[in-house]
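Letters go in sequence order (proteins before strands), and every chain restarts at 1. Treat the numbers as computed from the prediction; the structure is a model and nothing was measured.
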Amino acid sequence: MQSKLRVYNTLNRELEEFQPLHPPFVGMYVCGPTVYSEVHIGNVRTFTSFDLIYRYLLHLGYKVRYVRNITDVGHLLDDTSEDKISKKARLENIEPMEVVQRYTVDFHNTMATFNALPPSIEPTATGHLIEQIEFIQKIMDQGLAYESNGSVYFDVKKYSESENYGALSGRNVDELLANTRSLDGQTDKRHPADFALWKKAEPQHIMKWNSPWSLGFPGWHLECSVMSTKYLGKQFDIHGGGMDLKFPHHECEIAQNKAGLQEDSVKYWLHTNMLTFNGRKMAKSEGTGVTPKQMLTGDHDLLTQAYDAMTIRFFMLQAHYRSTLDFSNEALQAAEKGLKRLLIAIDDLNNLSASDSSSLNVAEMREKLYGAMNDDFNSPIAIAHLFEVVKWVNLIKEGKESLTSEDLDTLKSIVNHFVFDIFGLKDEQSGGDDNKVDDLMQFILEIRQDAKAEKNYNLSDQIRDRLNDIGFTIKDGKEGTTYTVS
RNA sequence: GGUCUCGUGGCCGAGUGGCUAGGCAGAGCUCUGCAAAAGCUUGUACAGCGGUUCGAAUCCGCUCGAGACCUCCA
């Protein structure tokens, strides 16, 4: 490979050459979901983006430890003392941990449907309360957090005297400190910009634990600081998440790590962009979320049909992870057809016959594909190149272009790596699980061929139509008839 | 209000100083018993107005429009 991987680091807003701290090992932490309801398709996009990144790093030969958390501590909702998980538990009259379990399983199933590889470690916030309490103590030892009425807050003002709080999200500390909007009743904080490390629980709060300060629960930002460094070390390579987490979540994480560990833990901050729906961010809290299940069944007012998981995955990969992606039926249908064409071509590629010479430059194609992915995981460009390969395959099939067996093998290998290993697509149509179906189809096609030879087109068309109804599309090519299963 | 991002042909979406992105849809042609598929050709897009430049979709300014974050959020 000629070009080197470059990634866009949110920290300095530049493309940087990717150099792991301890090659060949790579540590990657991604903020996972809060499991109080089904994830929506926008959440799926984020995790699919990081799945692409994970898969590509693996493909490059890195030993990646991929940590993605499950937030199972409910964090506060509005001004009430109730949190999302408890609220759901109350509404459904079940235990909070029952809510957590249900939606954790659902999340796993969903991501499996979209063919995302599971992370290496998937730690939960509730499983790391001792570590979180210890971490708070470390920050307090540095004098950068204070207890107030049973809660513990991070002292942003003091921290910012020596550190640049707000650097990641491009915020001005003075403005943050000056901003006092809508903070009634927050008298426990010395300053509105301070954030909770530990919150004392109200009596009716269900999820609460003992700590040196009160019966309460940890602040939202803390779990990521704790679990990332526990499993990846005080310093690690990649921290990822959705752009909406830049502030305050990731900003707070940076501050906590610096305060508690005296380290800037993260080398590369990667942020994925939002999936929009009619130009608006998809968000659970605004009711604009479409769930994966609705996508897969088409059961939603704005969907004109169902889409399968691979179509959606392909659709997502056709946009760069740092761009917003707008969602529409037309675009999804285009992706559906494009993917189908790509997969058929790959199938054909594996059955092409070699020539004595090559009329196409496979080595160059290889460079173009890697070049695209090395440029901050630019999957849309790589896909554009793959469609060039699709054209090649069809031309070779027609005898208009040629490849030697060596080039052919190389091309097959590259294409299969990119489409299946790196992009994580699956060819769900050619299940290939049952050779008997294929034998049967060959038999039927022979009968039809005989009919055609006798110019009995009534019969041959009848066979084709019936097979089409059943779900087999018949194509009469130059070197015989083929079929695809729809 | 503050900070920031974006505005590309019918739709989605790359690109970012001069050279075809790509997919889908459309049109024409070839192939074909028909169909499907495939191939070839084609549309001449960069919100608007100024400026910089030999040259700008790409840089600068302004205007209009959209969105994100500032509160839980992937």
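In the interface, the side chain of Asp461(A) is paired with the base of rG33(B) through a donor and an acceptor atom under 3.5 Å apart. No hydrogens or angles were tested; on distance alone, a donor-acceptor pair under 3.5 Å links the side chain of Asp476(A) to the base of rC34(B). With hydrogens and angles left out, the side chain of Arg464(A) and the base of rA35(B) share a donor-acceptor pair within 3.5 Å.
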I need a per-nucleotide contact map over nucleotides 20-27 of chain B, read 5' to 3'. Cutoff is protein heavy atoms under 4.0 Å; write B for the base, S for backbone only, - otherwise. -BSBSS--
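Proximity note for Lys281(A) (side chain, C-beta onward) versus rA14(B), rC69(B), rA74(B): the nearest is rC69(B). Picking from rC12(B), rG67(B), rG15(B) the nucleotide with the shortest atom distance to the side chain of Asn378(A) gives rG15(B). Proximity note for Phe247(A) (side chain, C-beta onward) versus rG39(B), rA74(B), rC70(B): the nearest is rC70(B). When distances are taken from the side chain of Asp326(A) to each of rA74(B), rG33(B), rC12(B), the shortest belongs to rC12(B).
Counting any heavy atom pair closer than 4.0 Å across all strands shown, Leu325(A) reaches sugar-phosphate atoms only and no base atom. Among the protein residues, Thr482(A) comes within range of no part of the nucleic acid, since none of its heavy atoms lies under 4.0 Å from any strand. At the heavy-atom level, Gly241(A) lies under 4.0 Å from the strands shown only through sugar-phosphate atoms. Among the protein residues, His320(A) comes within range of the sugar-phosphate backbone only, with heavy atoms under 4.0 Å from sugar or phosphate atoms but none that close to a base. Within the nucleic acid shown, Phe315(A) comes within 4.0 Å of sugar-phosphate atoms alone, with no base atom in reach, counting heavy atoms only.
When rounded to the nearest whole Å, the span between OH of Tyr483(A) and P of rA35(B) equals 25 Å. Computed from coordinates, the Trp392(A) CH2 to rC40(B) P distance equals 14 Å when rounded to whole Å. The CG atom of Asp348(A) sits 14 Å away from the C1' atom of rG39(B) (whole-angstrom rounding). As a whole-Å value, the separation of Tyr321(A) OH from rA14(B) C1' is 15 Å. Here the P atom of nucleotide rA36(B) and the CZ atom of Arg448(A) are 13 Å apart, to the nearest Å. Protein atom CG of Leu52(A) is 16 Å distant from nucleotide atom C1' of rA74(B), rounded to whole Å. Taking atom NZ on Lys189(A) and atom P on rU71(B), their separation rounds to 9 Å, with Å as the unit. When the C1' atom of rC69(B) is taken as reference, atom CE of Met282(A) falls 19 Å away, rounded to whole Å.
Aromatic ring centroids of His205(A) and Phe217(A) lie under 6.0 Å apart. Ring centroids of His250(A) and His221(A) are separated by 6.0 Å or more, keeping the two rings apart. Here Phe236(A) and Tyr231(A) keep their ring centres 6.0 angstrom or further from each other.
Screening Asp51(A), Thr110(A), Ile312(A) for a side chain to side chain contact (heavy atoms under 4.5 Å, CB included) with Val44(A), the sole residue that qualifies is Thr110(A).
For Glu253(A) (side chain) and Leu222(A) (main-chain N/O), no donor-acceptor pair under 3.5 Å exists by modelled atom type.
Taking atom C1' in both rC49(B) and rC29(B), one finds a spacing of 43 Å when rounded to whole Å. For the C1' atom pair drawn from rU53(B) and rG2(B), the interatomic distance equals 35 Å after rounding to whole Å. Rounded to a whole angstrom, the distance from the C1' atom of rA38(B) to that of rC31(B) is 9 Å. For rC59(B) and rU8(B), the P atoms lie 15 Å apart once the distance is rounded to whole Å. Separation of the P atoms belonging to rC34(B) and rU30(B) is 12 Å when rounded to the nearest angstrom. The same atom, C1', is picked in rA56(B) and in rG23(B); the two are 27 Å apart, to the nearest Å. Using P as the reference atom, rA57(B) and rG1(B) are 32 Å apart when rounded to the nearest Å. Using atom C1' as the reference point in both rG39(B) and rU32(B), the two lie 13 Å apart (nearest Å).
Remark on RNA chain B: of its neighbouring residues Lys475(A) and His221(A), the 5'-side contact belongs to Lys475(A), judged by nearest-heavy-atom nucleotide. Residues Ser323(A) and Asn458(A) each lie close to RNA chain B; by heavy-atom proximity, the contact nearer the 5' end of the strand is made by Ser323(A).
Using a 4.5 Å heavy-atom threshold, the side chains of Leu317(A) and Pro380(A) count as separate. Taking the side chain as every heavy atom from C-beta outward, Trp209(A) and Val73(A) approach each other to under 4.5 Å. At least one side-chain heavy atom of Leu52(A) sits under 4.5 Å from a side-chain heavy atom of Met373(A). No side-chain heavy atom of Val64(A) sits under 4.5 Å from any side-chain heavy atom of Ser120(A).
Electrostatic pairing of Asp106(A) and Lys293(A) counts as a salt bridge here, judged by a charged N lying under 4.0 Å from a carboxylate O. Using a 4.0 Å cut-off between a side-chain N of Lys or Arg and a carboxylate O of Asp or Glu, Glu336(A) and Lys340(A) do not qualify as a salt bridge.
Judged by centroid separation below 5.5 Å and plane tilt below 30°, Phe47(A) does not stack onto the base of rA74(B).
Remark: Arg171(A) qualifies as a cation-pi partner of Phe247(A) under the 6.0 Å distance and 45° angle criteria applied to the six-membered ring. Geometrically, Arg68(A) does not engage Phe50(A) in a cation-pi contact defined by less than 6.0 Å to the ring centre and at most 45° from the axis.
The two residues Leu232(A) and Gly27(A) come nearest to each other via the heavy atoms CD2-CA, 3.7 Å.
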Taking only N/O atoms, report every protein-nucleotides 3-5 of chain B pair under 3.5 Å with atom names and distance.
unit_1 : atom_1 : unit_2    : atom_2 : d
rU3(B) : O2'    : Gly170(A) : O      : 3.2

How does RNA chain B look in dot-bracket form if you count Watson-Crick and G-U pairs under 3.5 Å, write [ ] for pairs that cross, and put | where a base pairs with another strand? ((((((((.[[[)....(...]]].(((((.......)))))....[[[[[..)....]]]]])))))))....
